[in-house]
Number of protein chains: 2
Amino acid sequence: MKATFGEYIRQLRTDKGFTLTELAALLKLDSANLSKIENGKREFDEKRLDKLANAFDLDFEKLKIEYFGDQFAKKMYAYNCSTETLIVAEEKVNYLKSIKAKQAKLEL
Amino acid sequence: MKATFGEYIRQLRTDKGFTLTELAALLKLDSANLSKIENGKREFDEKRLDKLANAFDLDFEKLKIEYFGDQFAKKMYAYNCSTETLIVAEEKVNYLKSIKAKQAKLEL
DNA sequence: TTAAACTTGTCAATAGATGACAAATCTAAC
DNA sequence: GTTAGATTTGTCATCTATTGACAAGTTTAA
């Protein structure tokens with residue numbers, strides 16, 4: 001659960017005994033590029049999250065957590081951000097939601 | 001502190017009595033584009049964070065928290081991610097750091 | 001040593017972000 | 001209500017980064 005997203009995909013794939021070529025076909029990408037993704041040399045495109053969930057019958061909500069958690073972690077690591085960034089992020093999500101709620105009310 | 005990053009810039013700017021054109025010059029961008037940034041219609045490029053910190057004499061670490069917190073919040077809001085994403089992100093940052101620490105040890 | 005699996009390098013094609021500028025709108029002072 | 005400065009909006013060419021694709025290399029296990 002602490003692995004990078006690439007390591008996570010590799011885990012899923014090898015557990016099911018798929019080759020890179022087989023999984024790549026399910027995800028509609030090149031096996032060479034899937035290799036790079038698993039080794040952290042390319043990004044996994046969020047547009048393919050649903051295909052990945054289908055391929056391994058995963059809960060989509062949990063997959064999003066894994067995926068975006070990984071994205072955020074990489075950014076924070078790269079820019080040496082303090083963990084307070086995450087607290088601020090949570091506040092800001094709530095702020096965005098409150099804005100939306102306010103707008104929905106006005107449209108009544 | 002809960003505002004979006006665009007609102008935050010606008011706050012800083014108007015507090016100091018700068019016009020869009022003036023601040024834009026300091027940040028080396030077009031005033032029209034700065035307007036879009038303040039109104040959440042364009043992204044603020046992370047490469048300009050240092051210029052922004054200088055323009056308002058801000059603590060760079062705090063500015064990063066504000067900036068990346070905003071980025072993460074937007075993503076989470078857009079993809080409707082649960083707040084658990086942030087907990088996972090924190091675990092993963094620590095994982096990345098532990099990897100690095102391990103590698104540093106091997107290189108001795 | 002052979003075949004399949006995997007890795008790596010490269011590059012053209014594509015998509016997305018950015019800079020630039022014109023035009024419209026807003027605001028406040030006169 | 002006119003004017004000037006400030007801001008907003010729309011558009012588009014250009015730049016940049018990402019992606020797909022494929023060739024060539026290495027590793028692995030039989």
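Side chains included, hydrogens not; waters and symmetry mates left out as well; all remaining heavy atoms used. A, B, ... follow the sequence lines: proteins, then strands. Residue 1 opens every chain.
The backbone N or O of T4(A) lies less than 3.5 Å from no partner atom in the side chain of D70(A), so there is not a single donor-acceptor pair. A donor-acceptor pair under 3.5 Å is formed between the side chain of D45(A) and the backbone N or O of K47(A).
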Evaluate Y67(B) against T85(A) for side-chain contact (heavy atoms from CB on, under 4.5 Å), listing each step before the verdict. CA-CA 9 Å; Y67(B) 179 74; T85(A) 309; over 6 Å; no
Check against side-chain contact (heavy atoms from CB on, under 4.5 Å), F5(A) and L52(A): CA-CA 12 Å; F5(A) 199 70; L52(A) 187 62; 3.8 Å; yes
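The hydrophobic cluster around L96(A) extends to Y77(B), counting ILVMFWY residues whose side-chain heavy atoms fall within less than 4.5 Å of a member. Counting Ile, Leu, Val, Met, Phe, Trp and Tyr side chains that sit under 4.5 Å apart, directly or through other members, Y95(A) shares a hydrophobic cluster with I99(A).
Q11(B) and D15(B) share a donor-acceptor pair across their side chains, judged by distance under 3.5 Å alone.
Residue K28(B) is out of contact with every strand shown, counting any heavy-atom pair closer than 4.0 Å.
For the pair K36(B) and E43(B), the salt-bridge criterion is not met [side-chain N within less than 4.0 Å of a carboxylate O]. Between R13(A) and E22(A), no side-chain nitrogen of the basic residue sits less than 4.0 Å from a carboxylate oxygen of the acidic one, so the salt-bridge criterion is not met.
Here the straight-line distance linking atom CZ of R48(A) with atom CG of L26(A) works out to 12.0 Å at 0.5 Å rounding. For the atom pair R10(B) CZ and S35(B) OG, the distance stands at 6.0 Å (nearest 0.5 Å). Note that CD of E84(A) and NZ of K62(B) are 8.0 Å apart. Values are rounded to the nearest 0.5 Å. Note that OG of S31(B) and CD1 of I37(B) are 11.0 Å apart. Values are rounded to the nearest 0.5 Å.
Within the structure, a side-chain polar atom (N or O) of R48(A) is placed less than 4.0 Å from OP1 or OP2 of dG20(D).
Computed from coordinates, the L29(A) CG to dT18(D) C1' distance equals 13 Å when rounded to whole Å. Spacing between atom NZ of K47(B) and atom P of dT16(D) amounts to 8 Å, rounded to whole angstrom units.
Using a 4.0 Å cut-off on heavy atoms, the residues of residues 8-24 of chain A that approach DNA chain C are R10(A), R13(A), T19(A), L20(A), listed by number. Contacts between residues 32-39 of chain A and DNA chain D, counted as heavy-atom distances below 4.0 Å, involve A32(A), N33(A), K36(A).
Stems are defined here as 3 or more consecutive Watson-Crick or G-U wobble pairs with pairing distances under 3.5 Å; those involving DNA chain C are C:1-30 with D:1-30.
A 4.0 Å heavy-atom criterion places the boundary nucleotides of DNA chain C facing chain A at dA5(C) to dG16(C), written 5' to 3'.
Where D45(B) and D30(B) meet DNA chain C, the nucleotide closest to each residue was compared, and D45(B) sits on the side nearer the 5' end.
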